[in-house]
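A quick note: this is a predicted structure, and the numbers were derived from the prediction, not measured. Ligands are counted one by one from 1 in listed order, and the atoms in each one are counted from 1 as well.
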Amino acid sequence: MFGTLLSCAAMFPTIRPRRLRRSPAIRRLVREAHVEPSDFILPLFFSDVLDEPRPVGTMPGVFQLPVKAAAEQARLARDLGLGGVILFGLPKQKDPCGEAACDPDGPVPRAVRAMKDAAPELCVMTDTCVDEYTDHGHCGILKQDARGEMVVDNDATLDVLARSALAQAAAGADVIAPSDMMDGRVGFIRAALDGAGHSDIAILSYAVKYASAFYGPFREAADCAPKFGDRAGYQMDPGNAREALRELELDEHEGADMVMVKPALPYLDIIAKVREHTHLPVGAYNVSGEYAMLKAAAQAGMLDEKRATLEALLSIRRAGADFILTYHAVEAARWLGA
Ligand code: PBG
């Protein structure tokens, strides 16, 4: 300790970190983390009921889209050089089991087909979960537990998730991304995909997904707010970090090809830990609440949206994420000169 202090004192004035901050050229040369359009995955919401785009009130600049808009979105994402898109669906009909999630002619499979037709080289991911498709808004099939409470039945939910993944893969999705947080679902979906000849389709697991207040604005976009209770019985407790590594290990063993941490900004420590513990690509979901905060502050004239957003996205990359799911994908790509 004493030695360190002494040698630091001896370094100045010889050692001066500011030398490397003198000009944009030097700063760029020594910058450790970077963001580029290819780091961004754009979330999109496709509806089976809309004929025109409908703005999402809680997320300025985000729209629920009719499926007929899919081709145009695909070309936009490709032309901007985005890393990909991830699709969510708003079905005509909801039921207690979320069966519409398995409909090969549902909004997501139709949008996938249109997007792969319009831009075959674009990476198209699909969110696999039933909360947009259940009438109660939970991420699985309900049962009454021994206490008489309604809870999500883990094992009964696996089947509908796997069938939904199969419909998405059959439509041409490149990556299946289960976001439900049921135990065992990665292995179950992997087996179902392999059994149906989709062994080349990758799984991006929402491995580490917290029960977060920052999903609030999304629930209007995807019309999936739970009608009772909350998701704390299946999503992770925000106080837990070691548990993140446990979830990561399980999903790796079950065959996940990529893993995700969600949300991103309040969980940068978790992204860094996950990065240290896996050789798999790591994604991070810069969720609706993170987007809404920046939009609201910018609209109130409190923040420079471009600078604040690019800094936030850079921080997620610096923490260790290889790619970022973000509603700012299109704007950020343009700010970066795409
Ligand atoms: C569940 C799902 C949610 C999000 C992505 N997938 C909502 C939830 O878990 O309540 C949230 C994404 C966001 O807030 O941007 N299918």
Donor-acceptor under 3.5 Å ([X] side chain, [Y] main chain):
X      : Y      : value
Asp304 : Arg307 : yes
Ser164 : Val160 : no
Gln168 : Pro109 : no
Gln64  : Ala221 : yes
Tyr291 : Pro60  : yes
Lys68  : Asp51  : yes
Asp251 : Leu248 : no

Closest protein heavy atom (residue, atom, distance) for [atom]:
atom                    : result
atom 6 (N) of ligand 1  : Lys262 NZ, 3.2 Å
atom 10 (O) of ligand 1 : Arg219 NH2, 2.5 Å
atom 8 (C) of ligand 1  : Arg231 NE, 3.4 Å
atom 15 (O) of ligand 1 : Tyr327 OH, 2.6 Å
atom 2 (C) of ligand 1  : Lys209 NZ, 3.2 Å
atom 14 (O) of ligand 1 : Ser288 OG, 2.7 Å

Under 4.0 Å, heavy atoms only, figure out whether ligand 1 is touched by the backbone of [X], its side chain, both or neither.
X      : answer
Asp180 : neither
Val287 : both
Tyr285 : side chain

For ligand 1, which atoms, with element, lie under 4.0 Å from some heavy atom of [X]?
X      : value
Asp127 : 6 (N), 16 (N)
Asp131 : 1 (C), 16 (N)
Gln235 : 8 (C), 9 (O)
Phe88  : 5 (C), 6 (N)
Cys129 : 16 (N)
Glu132 : 16 (N)

Verify ring-ring contact (aromatic ring centres under 6.0 Å, His included) between Phe40 and His328, making sure each step is shown before the conclusion.
CA-CA 9 Å; Phe40 306 141; His328 266 116; 9.4 Å; no
Determine the interplanar angle of the Tyr285 and Tyr206 rings, folded into 0 to 90°, and report it as parallel if under 30°, tilted if 30 to 60°, perpendicular if over 60°.
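Correct class here is tilted.
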Check: Phe214 ring centroid to Tyr267 ring centroid under 6.0 Å:
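Phe214 vs Tyr267: aromatic centres not under 6.0 Å.
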